[in-house]
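Structure, as structure tokens:
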Amino acid sequence: MPRFLTRVLHEGSSRGFVTAVLLLFGCSAVALAQKPAAAPLGIGRAATPADIAKIDIDVRPDGQGLPEGQGTVAEGAAIYAAKCASCHGKNGEGASFDRLVATDSGKNFDFATNPKLPRAVGNYWPYATTLYDYTYRAMPFMQPGTLSANDTYALVAYILHLNKIVPENAVMDRSTLPAVKMPARDRFVMDNRKGGKVVK
Amino acid sequence: MERPKSISRRRVLAAGTAGIVGAALPIAGQSADQAARPKVPADPTKVQGPPASDVGGRSPFERPKRLSFSDRRTSSLTPLQDLDGIITPSDLHFERHHGGVPAIDPQQYSLLVHGMVERPMVFTLDDLRRFPGMSMIRMMECSGNGGRVYRREGSQTDLTPQQIDGLTSTSEWTGVALSTLLREVGASQKATWFLAEGMDAAVMTRSVPMAKAWADALIAYGQNGEPLRPEQGYPVRLFLPGVEGNASVKWLRRIEIGDQPFMTREETSKYTDPLPDGTARIFSLDMDAKSLITEPSFPDKLTGPGWWEIRGIAWSGRGKIAKVEVSGDGGKTWQLARLDEPVLPKCHTRFRLPWQWKGGEAMIASRATDDTGYSQPTYDVLLAARGPSTAYHFNHIRAWKILADGTVKFGGAL
């Protein structure tokens with residue numbers, strides 16, 4: 001048992017705390033008919049809005065987390081040529097790093113059976129918001145986290161356009177991006193493996 | 001049973017690393033192996049040895065190493081063939097990172113838990129260590145483990161256990177149950193998913209069902225009795241027992257509670273499984289039962305017919321290993337292997353079977369069954385279920401071929 005707990009238990013300095021600790025340790029709850037959820041242990045500090053805003057950068061498919069700002073296909077093309085093409089190819093065809101553009105998915109989403117079919121944004125990614133989230137948090141590889149919101153929207157617009165998903169005049173922002181329907185969206189199914197005799 | 005000295009793996013490996021050891025060129029009359037061997041007294045009972053030390057090291061005769069395939073070194077594999085028992089030494093635990101290994105000062109570290117909670121909170125490392133803690137011995141496997149033998153890339157016979165399946169390791173993990181933190185922040189009962197985010201250059205994120213958070217997810221700060229190694233997430237990582245390793249986000253800085261999956265980049269063309277019916281399975285987190293014979297294996301050579309102990313590891317992300325069967329005849333007949341204690345859920349389990357090699361060619365293989373009744377499939381069964389270009393979860397039965405001269409080669413799949 002950690003030293004501090006031994007100390008607290010011996011001193012009996014906080015009955016509610018001790019009760020919660022005992023329940024969390026799985027001790028008999030017969031004599032301690034108190035629900036652990038009712039009593040926080042009081043460890044840690046409250047997060048301020050600034051604490052959260054500083055690192056809460058994720059973007060969900062419903063658009064939650066997308067910031068103000070916007071970007072066009074043309075703007076994205078310029079940024080792409082300067083910051084992305086060296087790794088992902090001049091037109092997103094892939095180079096030292098991942099291919100970003102692919103539109104063919106075979107007759108019936110043949111990725112399991114056709115090893116020659118590349119998986120990329122256009123033919124396999126279910127949500128366009130993922131492109132914003134990942135590009136903003138982790139790209140460019142050697143300068144991660146340096147793109148502005150406007151730059152990111154522009155790059156997303158350009159890559160979606162290369163994949164023939166949005167037109168050349170598309171503008172991506174917090175309302176247009178979540179509305180983009182990706183071709184592969186309806187192909188994804190939740191895991192149905194559950195153990196047992198059947199191999200799925 | 002003592003480890004058979006006649007297995008000549010050590011010689012093969014030592015010769016391969018002679019250049020690194022720096023013992024230079026063989027002296028006339030010496031093999032490269034002899035020249036590279038550390039110098040020891042002829043009789044250790046006649047000379048005082050070195051005194052106690054602050055930090056121990058391995059015998060200079062033992063040089064297990066992780067193996068990295070590409071120049072980028074974004075992953076390294078555990079030398080399964082060099083290990084006994086079930087615990088992986090921390091410095092040999094496999095690695096996979098997406099933005100290198102970040103350097104983090106534990107005094108600067110904090111974990112934010114927010115989203116659908118009553119009280120968004122920040123926890124320092126001291127805070128996390130102050131919570132009621134727990135330890136668990138559990139394996140972790142990368143879901144890409146074994147891909148090269150499924151896809152039948154390159155040479156199919158000169159592969160070691162490390163090269164085939166080295167992206168699996170077992171440790172004792174210590175930390176605070178995520179459920180404890182969820183109670184502390186007052187996580188909403190309506191929440192269905194949480195996001196885990198790292199503080200590496202990839203700012204790695206994964207979405208995980210809340211059911212897993214409440215069941216057995218761990219916020220880990222300890223591994224095998226010491227703080228996490230940097231490459232394993234120092235100072236704090238998420239650890240999800242039985243789940244594909246990628247989701248156990250390292251260098252954890254943030255947990256956001258939500259009511260839908262966040263759909264990160266690792267939930268797109270990565271870590272999903274296209275199926276032959278034209279759909280793709282997503283959030284295929286649980287690792288199915290699997291086993292691998294680690295001795296004898298390539299590049300071992302059996303020095304002669306007689307009794308040898310077949311040894312290996314088996315594991316399942318769904319529970320305990322119920323049994324491991326071993327075949328000495330390419331799958332025609334199977335015998336129950338002995339399982340070493342402890343047999344723990346979602347953990348490597350060591351199996352052993354004395355086996356008589358009668359000389360001549362033989363094919364040995366192992367098949368694990370877990371306590372859900374799931375048995376490791378043959379290659380053909382897995383291929384039919386998943387198709388040839390699936391990219392994760394390769395748990396089909398592996399075989400080793402013993403040649404007539406005792407040489408052991410990877411035998412492909414049954």
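By convention in this document, chain letters (A, B, ...) are assigned in the order of the sequence lines, proteins followed by strands, and residues within each chain are numbered from 1.
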**Asked** Contact part of B/T272 toward chain A, heavy-atom cut-off under 4.5 Å: side chain, backbone, both or neither?
**Response** both

**Complete:** Most heavy-atom pairs under 4.5 Å with chain B, out of A/V121, A/I57, A/I52, A/T48, belong to A/I52

**Asked** Does A/L41 reach the side chain of B/E184, with side-chain heavy atoms less than 4.5 Å apart?
**Response** yes

**Fill in**
The interface call for A/V198 against chain B, heavy-atom contacts under 4.5 Å, is backbone

**Prompt:** When you look at A/S96 and B/R72, which way does the side chain to side chain contact (heavy atoms under 4.5 Å, CB included) test go after all the steps?
**Reply:** CA-CA 11 Å; A/S96 55; B/R72 284 183 198 147; 3.9 Å; yes

**Request:** Could you tell me which of B/S269, B/A385, B/G387 has the largest number of non-hydrogen atom pairs under 4.5 Å with chain A?
**Result:** B/S269

**Message:** Can you tell me which of A/R45, A/M139, A/K194, A/K197 forms the most heavy-atom pairs within a distance under 4.5 Å of chain B?
**Reply:** A/R45

**Asked** Can B/S389 and A/F111 be said to form a side chain to side chain contact (heavy atoms under 4.5 Å, CB included), step by step?
**Response** CA-CA 7 Å; B/S389 50; A/F111 296 99; 5.5 Å; no

**B/H393 portion near chain A, given a 4.5 angstrom heavy-atom threshold** = side chain

**Message:** Heavy-atom cut-off 4.5 Å, strictly under: side chain, backbone, both or neither for B/I282 against chain A?
**Reply:** both

**Prompt:** At a heavy-atom separation under 4.5 Å, does A/T135 approach chain B through its side chain, its backbone, both, or neither?
**Reply:** neither

**Request:** Look only at the side chain of B/E256 and the backbone of A/D56, and say whether a donor-acceptor pair between them is shorter than 3.5 Å.
**Result:** no

**Message:** Among A/D98, A/D133, A/L131, which residue satisfies the side chain to side chain contact (heavy atoms under 4.5 Å, CB included) criterion with B/R265?
**Reply:** A/D98

**Message:** Tell me whether B/T279 contacts the main-chain N or O of A/F188 through its side chain, where contact means a donor paired with an acceptor under 3.5 Å.
**Reply:** no

**Message:** Among A/K116, A/M190, A/Q64, A/R137, which residue has the highest count of heavy-atom pairs closer than 4.5 Å to chain B?
**Reply:** A/R137

**Message:** For a salt bridge (charged side-chain N to carboxylate O under 4.0 Å, His left out) check, start with the C-alpha distance between B/D288 and A/K200, then their side-chain angles and the critical distance, and finish with the verdict.
**Reply:** CA-CA 10 Å; B/D288 281 322; A/K200 293 176 182 172; over 6 Å; no

**Complete:** Heaviest contributor of heavy-atom pairs below 4.5 Å to chain B, chosen from A/D110, A/D62, A/T129, is A/D62

**Request:** Would you verify whether the NZ or CZ of A/R193 falls within 45 degrees of the ring axis of B/Y374 while also being under 6.0 Å from that six-membered ring's centre?
**Result:** no

**Message:** Between A/L117 and chain B, with a heavy-atom cut-off of 4.5 Å, which part of the residue counts as in contact: side chain, backbone, both or neither?
**Reply:** neither

**Request:** Could you tell me which portion of B/L111 (side chain, backbone, both or neither) has an atom closer than 4.5 angstrom to a non-hydrogen atom of chain A?
**Result:** neither

**Message:** Is A/N192 in contact with chain B via its backbone, its side chain, both, or neither, using a 4.5 Å heavy-atom distance?
**Reply:** both

**Request:** Could you look at A/Y124 and say if it's the side chain, the backbone, both or neither that has a heavy atom under 4.5 Å from chain B?
**Result:** side chain

**Prompt:** Which region of B/E197, side chain (C-beta onward) or backbone (N, CA, C, O), has a non-hydrogen atom less than 4.5 Å from a non-hydrogen atom of chain A, or is it both or neither?
**Reply:** side chain

**Request:** Side chain from CB out, backbone as N, CA, C, O: work out which of these in B/D370 comes under 4.5 Å of a heavy atom of chain A, or both, or neither.
**Result:** neither

**Message:** So for B/D126, is it side chain, backbone, both, or neither that comes closer than 4.5 Å to the heavy atoms of chain A?
**Reply:** neither

**Asked** Does A/D58 reach the side chain of B/T205, with side-chain heavy atoms less than 4.5 Å apart?
**Response** no

**Prompt:** Is there a side-chain contact between A/R119 and B/P274 (heavy atoms, below 4.5 Å)?
**Reply:** yes

**Item:** Residues B/D277 and A/R187 bridged, charged N to O under 4.0 Å
**Value:** no

